[in-house]
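Computed from a predicted model, the values in this text were never measured in an experiment. Below, all heavy atoms of this structure are taken into account, side chains as well, without hydrogens, waters or symmetry copies.
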There are 2 protein chains.
Amino acid sequence: MTSRTQRNTKAKREAPKSLDRAAWLMAAWRALARSGVEGVRVEPLASELGVTKGSFYWHFADRAALLDALLEDWERRATAAVIDRVDATSEDPRVRLRELVHFTTSVSEAPDAEHAIRAWGAVDGAARKKLDRVDARREAYVRALLIAAGVDEGVASFRAHVVYLALIGEYARVAHGGARTSLDAWEELLRMTLGPSSPRASSA
Amino acid sequence: MTSRTQRNTKAKREAPKSLDRAAWLMAAWRALARSGVEGVRVEPLASELGVTKGSFYWHFADRAALLDALLEDWERRATAAVIDRVDATSEDPRVRLRELVHFTTSVSEAPDAEHAIRAWGAVDGAARKKLDRVDARREAYVRALLIAAGVDEGVASFRAHVVYLALIGEYARVAHGGARTSLDAWEELLRMTLGPSSPRASSA
DNA sequence: ACCTGAACACCGTTCAAGT
DNA sequence: ACCTGAACACCGTTCAAGT
């Protein structure tokens with residue numbers, strides 16, 4: 001409701017001296033990725049930006065409003081970015097699925113932020129809601145890929161869910177500083193996921 | 001290094017008036033499960049316990065020491081509890097695996113705390129280390145079950161990892177307030193996991 | 001329109017002093 | 001051995017006042 005300053009097409013219409021919401025947002029992203037939500041504090045941000053903390057309250061109602069803005073920003077970018085990229089690789093749903101898994105598990109820019117948000121969601125209701133929406137869209141995309149790859153619709157939902165859970169799990173582990181899952185393990189998951197529906201193979 | 005008060009077998013040896021570490025720990029657990037690490041604050045805990053915050057510093061060096069004690073407490077209980085319980089159900093590794101998945105995804109006591117710790121690990125190094133240790137032990141257990149169930153050793157490691165990732169993912173989602181994964185989806189995961197190694201079934 | 005400065009509340013931490 | 005009370009620092013929030 002209070003977003004307006006962000007849509008400056010060129011960002012320096014008037015005087016270059018004063019800050020806008022975008023400047024605070026960027027600083028907040030850095031802080032979030034570095035040390036989680038608790039790291040996003042008004043006073044340190046203010047001194048980083050070279051203003052007093054009182055100035056912050058011109059752009060945002062309070063700290064909660066800043067955090068809200070971070071979530072909005074994330075939702076806008078998180079879903080579309082991945083899906084567009086994956087769709088661009090190939091028409092083959094199997095290739096797309098493989099690309100999705102490999103891409104999302106190997107990016108080294110966003111994961112800190114993605115993670116901070118996920119951890120944040122464990123504590124905060126608003127973050128939780130955003131997460132759920134993004135998760136749902138991503139999982140639906142995986143399900144669509146599986147169905148396009150010939151997996152039975154009935155079993156595709158379960159498998160899409162499992163694949164997405166594993167991705168969430170991977171993000172969680174990597175965020176903890178844990179080792180990344182090997183490509184071999186991901187390939188095994190893809191093999192299982194794209195395979196026939198029951199332990200004993202069905203006839204095509 | 002500074003744990004001593006906890007091992008009172010009966011917990012009321014001397015005078016009932018003064019608190020011990022255990023009392024602070026319990027209050028801290030409640031706060032942690034309720035609102036995450038940031039919710040574990042000395043002053044509110046003190047008033048909840050009816051003492052001044054100054055008293056806290058008799059039992060713990062500082063807030064960090066309290067958080068440390070929480071992690072120790074968790075590690076001691078988290079691993080053994082689940083494994084013992086699962087081992088008690090059956091000799092059949094397939095039954096054990098199913099029980100492990102169903103049990104760990106349906107407990108309604110610990111998950112808040114488990115979650116708070118996992119979210120905490122995304123930000124804090126010490127929590128991260130504890131998490132990694134516990135994760136490693138649990139995953140090794142899953143791998144052992146798979147191998148006992150006849151899954152090839154080579155592929156068992158990958159599958160154990162994937163299963164455990166899915167469990168972590170489930171915890172993460174539920175902690176965000178997300179819906180629990182259906183039993184059907186878990187059964188599908190078990191089916192894939194215990195199934196033959198390649199898309200085309202091998203002969204028994 | 002954007003910022004400063006001073007004020008207040010909350011909480012972590014320290015420490016001398018009490019019992 | 002365990003706790004109080006007062007003090008200080010840090011940070012969120014408000015607001016009158018500046019430009």
Q) What stems involve DNA chain C, if each pair must be Watson-Crick or G-U and both of its distances must be under 3.5 Å, with 3 or more such pairs in a row? A)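 Consecutive-pair runs (3 or more) involving DNA chain C: C:4-8 with D:12-16, C:12-16 with D:4-8.
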Between [N] atom [atom2] and [X] atom [atom1], what is the distance in whole Å?
X	N	atom1	atom2	value
A/R21	C/dC3	CZ	P	13 Å
A/R41	C/dG12	CZ	C1'	12 Å
B/W58	C/dA16	CH2	C1'	14 Å
B/F60	C/dT14	CZ	P	15 Å

Q | Which atom of B/L32 lies closest to which atom of B/A116, heavy atoms considered | A |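 Looks like O-CB, 3.5 Å.
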Q: Return the set of residues passing side-chain hydrogen bond (donor to acceptor under 3.5 Å, both in side chains) with B/E72 (not counting sequence neighbours), or none when no residue passes.
A: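 B/E72 satisfies side-chain hydrogen bond (donor to acceptor under 3.5 Å, both in side chains) with B/K130 once adjacent residues are dropped.
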Q: Not counting sequence neighbours, which residues clear side-chain hydrogen bond (donor to acceptor under 3.5 Å, both in side chains) with B/R63? List them please.
A: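 Residues passing side-chain hydrogen bond (donor to acceptor under 3.5 Å, both in side chains) with B/R63: none at all.
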Q. Is it true that the side chains of B/D62 and B/Y57 contain a donor and an acceptor less than 3.5 Å apart?
A.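 Distance-only check fails for B/D62 and B/Y57.
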Q: Would you please say whether a donor-acceptor pair under 3.5 Å links the side chains of A/E170 and A/T105?
A: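 Checked: A/E170/A/T105 side chains show no N/O donor-acceptor pair below 3.5 Å.
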Q. Would you say the ring centroid of B/F56 lies under 6.0 angstrom from that of B/W24?
A.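 When the ring centroids of B/F56 and B/W24 are compared, they turn out to be within the sub-6.0 Å range.
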Q: First locate atom CG of B/D20, then atom CE of B/M26, and finally report the distance between them rounded to the nearest 0.5 Å.
A: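 Going from the CG atom of B/D20 to the CE atom of B/M26 covers 9.5 Å.
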Q) Do the non-hydrogen side-chain atoms of B/E153 and B/R143 ever get within less than 4.5 Å of each other? A)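 In short, these two side chains do not touch, never coming nearer than 4.5 Å.
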Q. Would you say the side chain of B/V86 lies within less than 4.5 Å of the side chain of B/Y141, judging by non-hydrogen atoms?
A.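 The answer is yes, as the side chains (C-beta and beyond) meet within the 4.5 Å cut-off.
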(Q) Can a donor-acceptor pair be found, under 3.5 Å and without considering hydrogens, that links the side chain of A/S55 to the backbone of A/V51? (A)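 Pair absent, no side-chain N/O of A/S55 close to backbone of A/V51.
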**Q.** Within residues 43-57 of chain A, residues whose heavy atoms come under 4.0 Å of DNA chain D
**A.**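 When residues 43-57 of chain A is checked for heavy atoms under 4.0 Å from DNA chain D, the hits, listed by number, are A/E43, A/K53, A/Y57.
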**Q.** Any residue of residues 31-40 of chain B with a heavy atom less than 4.0 Å from an atom of DNA chain D
**A.**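 Result for residues 31-40 of chain B: none.
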Q. Which pairs count as side-chain hydrogen bond (donor to acceptor under 3.5 Å, both in side chains) when at least one residue sits in residues 92-101 of chain A, sequence neighbours excluded?
A.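 side-chain hydrogen bond (donor to acceptor under 3.5 Å, both in side chains) check on residues 92-101 of chain A returns A/R85-A/E99, A/D87-A/R96, A/R98-A/E187.
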(Q) Please determine whether a side-chain nitrogen or oxygen atom of A/H59 lies at a distance below 4.0 Å from atom OP1 or OP2 of C/dA1. (A)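 Checking C/dA1 against A/H59, no side-chain N or O comes under 4.0 Å of OP1 or OP2.
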